[in-house]
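Here's the structure we're looking at; comments come further down.
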Amino acid sequence: MARVVAAMSGGVDSSVAAALLRRQGHEVIGLFMRHGADEPAVCRAEGSLAAPAAHRQGCCSAADAADARRVAEQLGIPFFALEFSDHFARIVDYFCDEYLRGRTPNPCIVCNTWLKFGRLFEYADAVGAEFVATGHYARRGQAADGAPAIFRAIDESKDQSYALFGIERRLLPRILLPVGEFAKAEIRRMAAQWNLPVADKPDSQEICFVPDDDHAAFVRARRGRNAADAGGEIVSTDGRVLGRHDGIEQFTVGQRKGLRVACGQRRYVVRIEPATRRVVIGPREELARNELVAREANWLIEPPAEALRCRVKIRYRSPAVPAVVRPRADG
């Protein structure tokens, strides 16, 4: 069996992932990544990549870290809580900047790409671990050409393969995704059967650094914005002014609730114009598009030389739809 670094968030999925690996006979090292964005730290568990043993079981005020530590103790595996707040600040800045550009950020995908599957592998290399494991609902398998590939989870209602697209292809052979082979209900049953202390812990539905789920307030506080210098008009697609808002960071394309304008029928955010701070709204049919341009493509297959027929998702909860992808010369 192999030495494995398991990312442990203190939730039921990553806890069962570590337990499954342990039961398979692997040598598991639990790792909690503290971002330090919202916890009033009593003390910090500083982890050295070169010498982590000196900081084993370090004190940490975060409740999730405490849960992860209790699970690790029960499984009899070493556990480290490492401070990644300096690296995490980059993700928080990305989150704020995207909203102020009129776009909707996905910090979990960026965190997976920049941090979890970046720094985690640095740590794994430092302790001589062959694999990195997480509690994501996805599966690692083999593509038609025999190369490692990411597949959707057995439980499609929980599938997180979408959130893993940014992983470097060279890392795929070293990734383990134990819970992707099970339905969520089975994961809960295993946690209860093995008496894990997080068996009944609710799933997190919020962005980890925005605990009250108020994205707009977080962005305003982070960027020092107020209604006077951030507000603008809410207009119809034909240019009529329908109302005012106090910051484009409150809106995302496709949003219907919280527009605070009376139109007599449902209206959706069709477009956000950061330069003018205008939020453009219209009927549902005006949201429709038949093409898009996507930047920063990360291919987990050999990049196609010509048009590729496939299925495409544009959001985590969106259904996959038939599409044709055409690579451009500029990437």
Side-chain angles (χ1 to χ4, degrees), residues 1-33 47 52-53 56-57 64-65 67-82 112 116-143 146-161 163-164 167-201 203 300:
M1 292 291 103
R3 177 176 290 179
V4 182
V5 167
M8 299 181 68
S9 66
V12 65
D13 298 325
S14 61
S15 297
V16 170
L20 285 167
L21 293 167
R22 188 78 173 89
R23 295 172 76 87
Q24 291 166 7
H26 293 294
E27 178 189 352
V28 182
I29 300 171
L31 184 67
F32 181 86
M33 296 183 294
R56 183 178 178 183
Q57 304 276 344
D64 288 333
D67 287 341
R69 184 181 294 110
R70 291 207 312 273
V71 170
E73 288 174 352
Q74 183 170 327
L75 297 177
I77 64 175
F79 174 80
F80 307 100
L82 302 188
N112 287 333
K116 284 183 180 175
F117 292 100
R119 295 287 288 168
L120 272 180
F121 276 97
E122 292 180 22
Y123 183 87
D125 290 340
V127 298
E130 184 178 353
F131 296 103
V132 164
T134 74
H136 285 101
Y137 281 85
R139 293 177 296 153
R140 196 200 71 182
Q142 283 191 330
I150 296 291
F151 292 85
R152 283 179 288 185
I154 293 294
D155 189 339
E156 292 194 5
S157 68
K158 290 292 182 180
D159 175 58
Q160 294 174 301
S161 57
L164 303 180
I167 298 172
E168 291 184 56
R169 191 181 182 194
R170 65 180 179 84
L171 299 177
L172 294 186
R174 298 181 62 191
I175 293 172
L176 298 178
L177 303 164
V179 305
E181 302 291 340
F182 301 92
K184 179 71 178 197
E186 294 178 276
I187 296 298
R188 289 280 184 195
R189 280 198 295 270
M190 284 187 279
Q193 178 183 343
W194 299 335
N195 296 314
L196 298 182
V198 295
D200 296 323
K201 187 173 181 178
D203 292 340
L300 296 180

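The analysis underlying the following values was restricted to heavy atoms, covering all of them including side chains, and did not include hydrogens, waters or symmetry mates.
Between the Asn112 side chain and the Ile167 main chain, no donor and acceptor come within less than 3.5 Å of each other. In terms of modelled atom types and a separation under 3.5 Å, the side chain of His26 and the main chain of Val4 share no donor-acceptor contact. Here the side chain of Glu186 pairs no donor or acceptor atom with the backbone of Val179 at under 3.5 angstrom.
Here the straight-line distance linking atom CG of Asp155 with atom CD1 of Ile187 works out to 9.5 Å at 0.5 Å rounding. Atoms CD and CH2, on Gln74 and Trp194 in that order, are 11.0 Å from each other to the nearest 0.5 Å. A distance of 11.0 Å separates CZ in Phe182 from CZ in Arg189, rounded to the nearest 0.5 Å. We find the CG-OG distance between Leu31 and Ser14 to be 11.0 Å, quoted to the nearest 0.5 Å. Between atom CG of residue Leu164 and atom CG of residue Leu171 there is a gap of 12.0 Å, rounded to the nearest 0.5 Å. Here Ser9 contributes atom OG and Asp67 contributes atom CG; the two are 9.5 Å apart, rounded to the nearest 0.5 Å.
With respect to the salt-bridge test (charged N to carboxylate O, under 4.0 angstrom), the residues Arg139 and Asp159 do not qualify. Contact check on Asp64 versus Arg69 returns no salt bridge, with no Lys/Arg side-chain nitrogen under 4.0 Å from an Asp/Glu carboxylate oxygen. Classification of Asp13 and Lys184 as a salt-bridged pair holds, one side-chain N sitting under 4.0 Å from a carboxylate O. Using a cut-off of 4.0 Å between Lys/Arg side-chain N and Asp/Glu carboxylate O, Arg70 and Glu73 are scored as not salt-bridged.
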Exercise for the section: Check step by step if side chain to side chain contact (heavy atoms under 4.5 Å, CB included) holds for Ile150 and Leu300. Expected result: CA-CA 8 Å; Ile150 296 291; Leu300 296 180; 4.2 Å; yes
Problem - Leu82 vs Met33, side chain to side chain contact (heavy atoms under 4.5 Å, CB included): CA-CA, chis, key distance, verdict - result: CA-CA 5 Å; Leu82 302 188; Met33 296 183 294; 5.7 Å; no
Practice task
Evaluate side chain to side chain contact (heavy atoms under 4.5 Å, CB included) for Val127 paired with Ile29, printing each intermediate quantity in order.
Solution key: CA-CA 9 Å; Val127 298; Ile29 300 171; 4.0 Å; yes
Exercise for the section: Take Val5 and Glu130 through the side chain to side chain contact (heavy atoms under 4.5 Å, CB included) test and state the conclusion after the steps. Expected result: CA-CA 8 Å; Val5 167; Glu130 184 178 353; over 6 Å; no
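In terms of heavy atoms, Phe151 sits closest to Gln142 at CZ-O, 3.4 Å. Residue Gly10 comes nearest to Lys201 through the heavy atom pair O-NZ, 2.9 Å, listed as atom of the first residue, atom of the second, then distance. Closest heavy-atom contact between Val28 and Pro78: O-CD, 3.4 Å. In plain terms, the two heavy atoms of Leu21 and Ala133 that are nearest each other are CD1-CB, 3.4 Å. Here the shortest heavy-atom pairing between Ala138 and Leu177 reads O-CB, 3.3 Å. Closest non-hydrogen pair, Leu172 versus Ala149, comes out as CD1-CA, 4.1 Å.
Ring geometry, Phe79 versus Phe32: the interplanar angle falls from 30° to 60°, so the pair is classed tilted.
Among residues two or more places apart in sequence or in another chain, the salt bridge (charged side-chain N to carboxylate O under 4.0 Å, His left out) test is passed with Arg188 by Asp203.
Residues Val71 and Val198 are in side-chain contact: their nearest non-hydrogen atoms beyond the backbone lie under 4.5 Å apart. For the pair Arg152 and Tyr137, the minimum side-chain heavy-atom distance is 4.5 Å or more. Looking only at side-chain heavy atoms (C-beta outward), Arg23 and Leu75 stay at 4.5 Å or farther from each other.
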